[in-house]
Amino acid sequence: MRLERGTFGGRFAMVMAMAGSAVGLGNIWRFPYMVGENGGAAFILVYVVCCLLVSLPIFFCEAIIGKSQRANTCYLSIVSSFIILSFYSVVGGWSVDYLLRSLSGGFQGQSMEQAREMFAGISASMVENISCMLVFLGLTALIVVAGVEKGIGLFSKVSIPVLFIMMLLLAFNSSSLEGAKKGIEYLIKPDFSSLSGKAVAAALGQSFFSLSLGVGSILTYASYMKEEESVTFAGGWTVFFDTVFAIVSGFAIMPAVFAAGIEPGAGPSLVFETLPVIFSGMGWIVPIVFFLVILIAALSSSISLLEVVVSFLVDEKHLSRGRAVMDVFLLAAILGGACAVFPRLFGICDFVTSNVLMMLGALAFCLAVGWKMPREEVLSYIRSPFLYKIIRYAIPVMIIIIALIPFFDC
Ligand code: PHE
């Protein structure tokens, strides 16, 4: 059934909303430390190939389903996007916290040791952690409640270009530091000897997460596309923006890390422990811009996660938009609160969604397009019989292989 649905209010807003969903903590927080842990430029190269060969066709599948049905997604996606929204809000909350701290000059003159202690203190403080998470979730709810065009579309078309400009400025700033050359080399000189099977799987998993695949965000957004807007256009630009943004964040972060003489493989703590100290050494404005970038990037993704569940409740349970947003806000606050207090639960939610639910979702979307939808209909969207074959045969097999790799040691 093709329902009457809202739209983003224009092609630019539509592409910015999709790019906004894709560009997020995955690019700024996860990508640089994965590059650091998996050997620099070689990993980036594999990552780009994964995006183009595997993730882009999956993107097309999700978008084709959304656009053709003009409807919300399946139950599996509702569960995965709800779980991601909850633990994502904890990290979003840290970005609110760090933005406020940088506005009051909180990192000025801090040593690495003090920064580490500060982050440990924040993660251990229930009140601070939960209240910042609630602020983040509240901001997400405010944008979504304003609607697809006046909330999500407007927010995306204004904030995503600003986000790109701010990240570019940070990258120029870092690359011009003394001692930055080693960091730049690290990002452009591939070292294939450090590439393991696990690194390839990590690159693929990261490209899924980064492009928001398998949880219905792209499907739901595509259901708001206008008839004349093209799925391949949206997919191509989203992959382009997301990849460029991830690489630019690498250039904002790695040269600064090397210039400060720090190990690039610092892991997830890089953004919240190492960088505040490095950036605050460059003047008060740099950390403010950096945490503002993280906050906007995180918000543009979390709204796409909330929208998945809200759109389902509005269509299927006939709730008003306001009521649906309120209900999901409360439920996500509970699970997010639990994730903020129990780091193990946070880890489990992250692992189960990225390694299991997203893969299952992506597989389901591919099989639906490759095997359930009439061939002619699919071709009317992608116009390439070769790509159709890839979607039908190669991608499902690849998803299964990728999904199994983390469970074996290779
Ligand atoms: N793509 C987002 C990021 O890179 C995360 C996300 C995953 C958002 C799934 C929506 C759906 O941070």
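Both ligands and their constituent atoms are indexed starting at 1 by order of listing.
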Within 6.0 angstrom of K226 NZ, more than 12 heavy atoms from elsewhere: yes

Side-chain (S210) to main-chain (S207) donor-acceptor, under 3.5 angstrom: no

Check: D315 side chain, F312 main-chain N or O, donor-acceptor pair, under 3.5 Å: no

Which of the atoms of ligand 1 are close to [X], meaning less than 4.0 Å from one of its heavy atoms?
X	result
S301	2 (C), 8 (C)
S217	10 (C), 11 (C)
S304	10 (C)
V215	9 (C), 11 (C)
S21	1 (N), 2 (C), 8 (C), 10 (C)
F209	1 (N), 2 (C), 3 (C), 4 (O), 5 (C), 6 (C), 7 (C), 12 (O)

Looking only at distances, please establish whether an N/O atom of ligand 1 is found under 3.5 Å from an N/O atom of [X].
X	answer
G26	yes
S212	yes
L25	yes

Check: I58 and F208 side chains under 4.5 Å, non-hydrogen atoms: yes

Candidates L45, L52, L53, V46 - the one meeting side-chain contact (heavy atoms from CB on, under 4.5 Å) with V49: L53

Residue among F290, F119, F279 satisfying ring pair (Phe, Tyr, Trp, His ring centres under 6.0 Å) with F272: F119

Ionic contact status for R321 with E307, cut-off 4.0 Å: yes

Y88 touching ligand 1 at heavy-atom level, < 4.0 angstrom: yes

Non-hydrogen atom of M358 closer than 4.0 Å to ligand 1: yes

Closest protein heavy atom (residue, atom, distance) for atom 4 (O) of ligand 1: A22 O, 2.9 Å

Chi angles and distances behind the side chain to side chain contact (heavy atoms under 4.5 Å, CB included) call for F245, V293: CA-CA 11 Å; F245 193 83; V293 162; 4.3 Å; yes

